[in-house]
Amino acid sequence: MKQILIFTVAILLFGACKKDLGNYEYNPPSEPTIYNLKDTTINAVVGDTLTINPKVTFPDADPLKDLKFEWEIEIQEELRSIKISGYPLKMLYNLGTGVRRTKLHVTDQRNGLKYTIPFKINGTTQFTTGTIVLSVDNGVTKLSFIRPDKSVISNLYEGLNGKVLPINPLQLYHSKPLPYQPNNKEEIWVLCDDPAKESVILDGSTLLYRNPFSTQFFKTPSSINIGRIEGIQDMGIVAHGTINNKLYRGIMSTAPFVPDYGKFANSQDGDYLLSPDYALIFGQNNTGQSSSFYFGFDTKAKAFVSFDSGGEYRGTDYVLDNSISQPNSFDPRNIGPVQLLYMKPASGISYAFVKDAAGNIQELSFRIAMENYATRTLSPIYKRSFKGSSLVNPETKWQRSAVSVFYFSSNDKIYRYNPVNEDLVLLEGTYNGKKVTMLKLSADGTQLRAGYEGAILTLDVSVGKNGNITQTQTGIQGSVIDQVIK
């Protein structure tokens, strides 16, 4: 009897469940909406208060009462993150410059459900965007900063650091990390030829003094005579250059955020004295693989020389091909007692301007084909008198475009020269009869920036233009030596 009763109850329950099938609704919990935050980048000024208070809606609930907010900011170079609770996020931003991955974790305290909204914070300073200018004023090296609104902060280094820069300024070098090197050390190198005082390395974001230039070396040379420092294309903060007339290369064998990354090891061995007018040339070998080599002028041997992709000195062991040489050609391995005035070599046809023992300025043309080491070849084409010889003086500044059109200064004037047809043209731009002290050509070859005492002019040198002035920046202390645009 007991078993029959249990069976009867089970049937009744089954019937009740079957009858109720589909007779209910699923009501998912409400989800908060965070407006204008996901996948965005929010700028933060180092040293200022950062406040992030996105609009939050939460159907059928009170966002501030029923939600818990936690902000997580990654500090990748230290392999850690910080977490801040509460709404809104409000903090004195002291995490340095650069883009930091950030997440807002929102927890529904009624049911424990958690939502994550990713975004980024970009740490900036007042020196993040603008132009840094190196100049010399009555023998004193100066650093200025041109804001985007063209206002100028003068005597910047002394004002920030309470010190005076070395004398005889040569160059500014911008050591800038690439996007895949987040929060790496951005630096500005102020390079000078001062036998009594070291060149300096500044923090690229704050322009505060960071280190003497000697810390860029694993083993500091007994003397540091800087020729020219360049950046390795597409390799971020790694530099190469001529120091004491030898080739130095920054190492890349460590992670980008390791302190030793990019430091100079020993100079490249060899019996040579390398001119600063050399180049690291990229190309493809005969199998289609990427390759590179260094090409320059040895002031000791008076010859064109090369280094392989690893920087090993190869001297003049290239193949000499005279098949395209004209009767008035030259020997690249023994050019003679000349002084190199300017050269910016590239694969294919290149040019060099030299002064011979008699004081005559010659134009050398040659073809470089060294991408494949096994068949690397140098082909001299001609040597001829440079059409603009009478205009060149010891203070002439030079630039070369990607299509081998040259710009050079002569006191207060600037000329454009095309070696293909020996076309020599005087550009329109000039500044109150003052001498040109800097020339910088934009990467696309359309703008030429000319530095003077107290000013920088931007000239339009695009196709069909003749160097008309498109922008004038005044308020610079002394004569402009170099600039870095950030």
Side-chain angles (χ1 to χ4, degrees), residues 77 132 134 165-166 168-178 180-181 183-204 207-282 292-300 305-315 344-345 482 484:
E77 69 271 23
I132 305 169
L134 179 67
L165 286 164
N168 300 323
L170 300 173
Q171 178 192 357
L172 289 177
Y173 173 73
H174 188 194
S175 175
K176 183 179 180 180
L178 292 171
Y180 59 80
Q181 300 171 347
N183 305 309
N184 205 341
K185 295 179 180 178
E186 180 184 1
E187 296 176 338
I188 297 292
W189 300 359
V190 184
L191 304 175
C192 303
D193 182 22
D194 186 341
K197 195 172 185 179
E198 280 197 57
S199 298
V200 300
I201 298 176
L202 310 181
D203 183 286
L207 300 186
L208 293 172
Y209 175 86
R210 174 174 283 172
N211 286 309
F213 184 63
S214 58
T215 59
Q216 175 60 24
F217 299 82
F218 283 103
K219 182 179 180 180
T220 306
S222 57
S223 62
I224 301 177
N225 181 13
I226 300 169
R228 183 76 183 174
I229 302 295
E230 303 284 352
I232 294 182
Q233 182 181 357
D234 297 331
M235 294 184 184
I237 67 172
V238 179
H240 59 91
T242 50
I243 299 170
N244 300 330
N245 298 113
K246 297 292 185 181
L247 177 64
Y248 278 80
R249 303 169 67 248
I251 67 158
M252 296 181 289
S253 55
T254 64
F257 51 82
V258 174
D260 288 342
Y261 182 76
K263 278 192 174 184
F264 294 138
N266 295 330
S267 63
Q268 302 303 309
D269 290 336
D271 183 19
Y272 68 92
L273 295 175
L274 185 63
S275 165
D277 289 336
Y278 77 96
L280 172 58
I281 301 175
F282 292 87
S292 63
F293 60 94
Y294 299 83
F295 184 89
F297 180 74
D298 181 356
T299 62
K300 181 178 181 180
V305 294
S306 67
F307 303 74
D308 66 17
S309 59
E312 183 176 350
Y313 177 66
R314 297 298 187 180
K344 189 176 181 181
D482 200 2
V484 164

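Note that the numbering runs from 1 along the sequence shown for the chain.
Judged by distance alone, the side chain of Q216 and the main-chain N or O of G262 form a donor-acceptor pair under 3.5 Å. Judged purely by atom type and a 3.5 angstrom limit, N225 has no side-chain atom pairing as donor or acceptor with the backbone of I243. Under a 3.5 Å cut-off, the side chain of N168 and the backbone N or O of D193 do form a donor-acceptor pair. The backbone N or O of R314 lies less than 3.5 Å from no partner atom in the side chain of S306, so there is not a single donor-acceptor pair. Side chain of K246 to main chain of N266: no donor-acceptor pair is present (N/O by atom type, distance under 3.5 Å, no hydrogens or angles).
Every pair passing salt bridge (Lys or Arg N to Asp or Glu O under 4.0 Å) that includes a residue from residues 207-218 is listed here, sequence neighbours excluded: E187-R210, D203-R210. Legend: salt bridge (Lys or Arg N to Asp or Glu O under 4.0 Å) pairs involving residues 213-228, not counting sequence neighbours, sorted by first then second residue: R228-E230.
Summarising the geometry of L170 relative to I226, their closest heavy-atom pair is CD1-O, 3.6 Å, with the distance given to 0.1 Å. Nearest heavy-atom pair, S292 versus F282, reported as atom, atom and distance to 0.1 Å: CB-CD2, 3.9 Å. Here the closest heavy-atom approach between residue L191 and residue S199 is recorded as CA-OG, 3.5 Å. Summarising the geometry of G311 relative to L247, their closest heavy-atom pair is O-CD2, 4.2 Å, with the distance given to 0.1 Å. Closest non-hydrogen pair, A239 versus I229, comes out as CB-CG2, 3.9 Å. Minimum heavy-atom separation, D260 to F218: CG-CE2, 3.6 Å.
No side-chain heavy atom of F297 sits less than 4.5 Å from a side-chain heavy atom of D277. Side chains of I201 and I188 form no contact here, defined as non-hydrogen atoms less than 4.5 Å apart. Taking the side chain as every heavy atom from C-beta outward, P221 and N244 approach each other to under 4.5 Å. For the pair Y294 and H240, the minimum side-chain heavy-atom distance is below 4.5 Å.
Atom CD of residue E198 and atom OG1 of residue T215 lie 7.5 Å apart, to the nearest 0.5 angstrom. A distance of 12.5 Å separates OG in S267 from CZ in R249, rounded to the nearest 0.5 Å. A distance of 11.0 Å separates CG of N245 from NZ of K300, quoted to the nearest 0.5 Å. Atom CG of residue L274 and atom OG1 of residue T299 lie 8.0 Å apart, to the nearest 0.5 angstrom. Here L172 contributes atom CG and W189 contributes atom CH2; the two are 12.5 Å apart, rounded to the nearest 0.5 Å.
Applying the ring-ring contact (aromatic ring centres under 6.0 Å, His included) rule to Y313 yields the partners Y272, F307; only residues at least two apart in sequence or on another chain are considered. Residues satisfying the side chain to side chain contact (heavy atoms under 4.5 Å, CB included) test with D269, not counting sequence neighbours, are none. When the ring-ring contact (aromatic ring centres under 6.0 Å, His included) test is applied to F217, the partners found at least two apart in sequence or on another chain are F213, Y248, F264. In this structure E312 satisfies the side-chain hydrogen bond (donor to acceptor under 3.5 Å, both in side chains) test with no other residue, sequence neighbours excluded.
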Stepwise side-chain contact (heavy atoms from CB on, under 4.5 Å) test for V484 and Y173
CA-CA 8 Å; V484 164; Y173 173 73; over 6 Å; no
